[in-house]
Amino acid sequence: MRALFSRPTSGPAPAVPAGQRVYAVGDVHGCLAQFDALIAAIEADDAAREAADTTILLLGDLIDRGPDSAGVIHAARALQLRRKVRILMGNHEEMMLEALDSEEVLKHFLRYGGRETVLSYPVDPDRYHQAEIAETLALMRAAVPREHIEFLRSFEDQVRIGDYLFVHAGIRPDIALDRQKLADLRWIREPFLSHSGSFGPVVVHGHTIFDAAQFRPNRIAIDTGAYRTGRLTALGLEGTSRWLIEATTDEQGAVSAALRNIA
C-alpha cells in the first residue's frame, strides 16, 4: 500500500504532554540488524535533543518471518532493562504463546512466520524438517527459554500518551477504547483502515504494511515491512512535532539509519 501524508486542516494539532518524548517502533519481525541500528539511532537522536521523559514504544510483532526472532527478543529485553520501554502484544506474539499449548495453533503459527522463529532458537534444522507436529511442539518448548515466554506475556494491549493511542493493529470504529476487543487490537484491518472519522486520539499502529509511513488525520501507520523491504521505521513525537527515523538495508546488506522531519 502507498503512503498518504496529510494533517488535520482545523483544530489543535495532536500532542504528547509537555516534557515527554515518544519513539514508536513498527513491526520488527525478527530483523535484528535493522532493530539494533534503529535503536542506536533513536538513542543518538534522544541524546541530541533537550532532556525529556522519553518512552520507546514497540508496537508488537517483534517475532516471525525475519531471520533472528530470538535475537530480537533478547535485544528488546536488554533495552527494557536500561531504558523506559513499553511493548505491545502483536498477533504474532499471541500466536506464539498459544502455539506452545496447541498443536493446531502451532500449525497455523509455523505457516505464517513461526518456522523462522523456531529455527532462530537452538533447534537442529534437520530434526525440525523431519519432525511431525507433536515433535515440533516438543522441540519448541525445549528451545524457547522460560524468560522469553514470560517476557512476551508481559506485553501490553494499548497505550495512551497525550493525544495518541498506540496499538498493534488498530481499533474498531465507534467502540469506546475501554471496550475494544483484543482480537481487534491485534488483528483488525477493515473497517479500521478505511475509516475517515475521528477515533478520538490519533491511533499509531503497525500490522498492515505500507511502502512508507502513512499519515492520516485519524491514524499513523508505521509498519514498513522490515522483513520484506529491509526498512524498519520509528515515529518520533514531542509536543506537536513529528519525525521519522528509518533503518534501511542496502543491496550489499549494510544497514544505515536516517532521520526525516514531517511537515
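Here, residue 1 is the first one in the sequence, and each next residue gets the next number. Keep in mind that this is a model prediction, so the values were computed, not measured.
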For this session: Report the C-alpha distance between L259 and L244 in whole Å, list the side-chain angles of each, state the deciding distance to 0.1 Å, and finish with yes or no for side chain to side chain contact (heavy atoms under 4.5 Å, CB included).
Result: CA-CA 6 Å; L259 183 147; L244 295 174; over 6 Å; no
For this session: Quick one: do R115 and L119 satisfy side chain to side chain contact (heavy atoms under 4.5 Å, CB included)? Show the steps, please.
Result: CA-CA 6 Å; R115 171 187 175 276; L119 291 175; 3.9 Å; yes
For this session: Would you sort out whether Y227 and D27 count as a side chain to side chain donor-acceptor pair (under 3.5 Å), showing the intermediate values?
Result: CA-CA 9 Å; Y227 73 95; D27 302 30; over 6 Å; no
Exercise. Checking side chain to side chain contact (heavy atoms under 4.5 Å, CB included) for the pair I87/L62: CA distance, chi angles, key distance, verdict?
Worked result: CA-CA 9 Å; I87 309 176; L62 277 64; 4.0 Å; yes
For this session: Evaluate the side chain to side chain contact (heavy atoms under 4.5 Å, CB included) criterion for residues I222 and L59: first the C-alpha distance (whole Å), next the side-chain angles of each, then the deciding distance (0.1 Å), finally the verdict.
Result: CA-CA 9 Å; I222 58 170; L59 295 186; 3.5 Å; yes
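I171 places a side-chain heavy atom less than 4.5 Å from the side chain of L177. Residues Q158 and L165 are in side-chain contact: their nearest non-hydrogen atoms beyond the backbone lie under 4.5 Å apart. Contact check for V202 versus D163: no side-chain heavy atoms found under the 4.5 Å cut-off. Inter-residue side-chain proximity for E93 and I63 is flagged as met; some heavy-atom pair is nearer than 4.5 Å. Contact of the P17 side chain with the I161 side chain is registered, since non-hydrogen atoms from C-beta on lie closer than 4.5 Å. Using a 4.5 Å heavy-atom threshold, the side chains of R242 and P14 count as touching. You'll find the side chain of I149 reaches within 4.5 Å of the side chain of L100, heavy atoms only. Counting only heavy atoms from C-beta outward, the side chains of R219 and L193 approach each other to under 4.5 Å.
Within the structure, salt bridge (charged side-chain N to carboxylate O under 4.0 Å, His left out) contacts touching residues 51-68 (residues at least two apart or in different chains) are D53-K84. Within the structure, salt bridge (charged side-chain N to carboxylate O under 4.0 Å, His left out) contacts touching residues 128-152 (residues at least two apart or in different chains) are R127-E135, R146-E150, E150-R153.
For H205 and F192, the ring centers are positioned less than 6.0 Å apart.
The cationic group of R172 does not satisfy the cation-pi geometry with W187, failing either the under 6.0 Å distance to the six-membered ring centre or the 45° limit from the ring axis.
Judged by distance alone, the side chains of T233 and T224 do bring a donor and an acceptor atom under 3.5 Å apart. If you check the side chains of E190 and S194, you find a donor sitting under 3.5 Å from an acceptor. For the residue pair H148 and Y121, a side-chain donor N or O sits within less than 3.5 Å of a side-chain acceptor on the partner. Side-chain atoms of R86 and Q80 form no donor-acceptor pair, as typed in the model, at a separation below 3.5 Å. The closest side-chain donor-acceptor pair between R189 and T208 falls under 3.5 angstrom.
Among all heavy-atom pairs drawn from H168 and M89, the shortest one is CB-O, 3.7 Å. The two residues T117 and S120 come nearest to each other via the heavy atoms O-OG, 2.6 Å. When all heavy atoms of G200 and S198 are compared, the closest pair comes out as N-OG, 2.9 Å.
Atoms CD1 and CZ, on I220 and F215 in that order, are 5.0 Å from each other to the nearest 0.5 Å.
Below 30°, between 30° and 60°, or above 60°: for F151 and F155 the angle between ring planes is above 60°, a perpendicular geometry.
By the rule that hydrophobic residues join a cluster once side-chain heavy atoms approach within less than 4.5 Å of another member, I245 and V85 end up as members of one cluster.
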Could you pull out every donor-acceptor pair under 3.5 Å between side chains of residues 31-44 and any protein atom, sequence neighbours left out?
{"residue": "Q34", "atom": "NE2", "partner": "T249", "partner atom": "OG1", "Å": "2.9"}
{"residue": "E43", "atom": "OE1", "partner": "R82", "partner atom": "NH1", "Å": "3.3"}
{"residue": "E43", "atom": "OE1", "partner": "R82", "partner atom": "NH2", "Å": "3.4"}
{"residue": "E43", "atom": "OE2", "partner": "R82", "partner atom": "NH1", "Å": "2.5"}
{"residue": "E43", "atom": "OE2", "partner": "R83", "partner atom": "NH1", "Å": "3.4"}

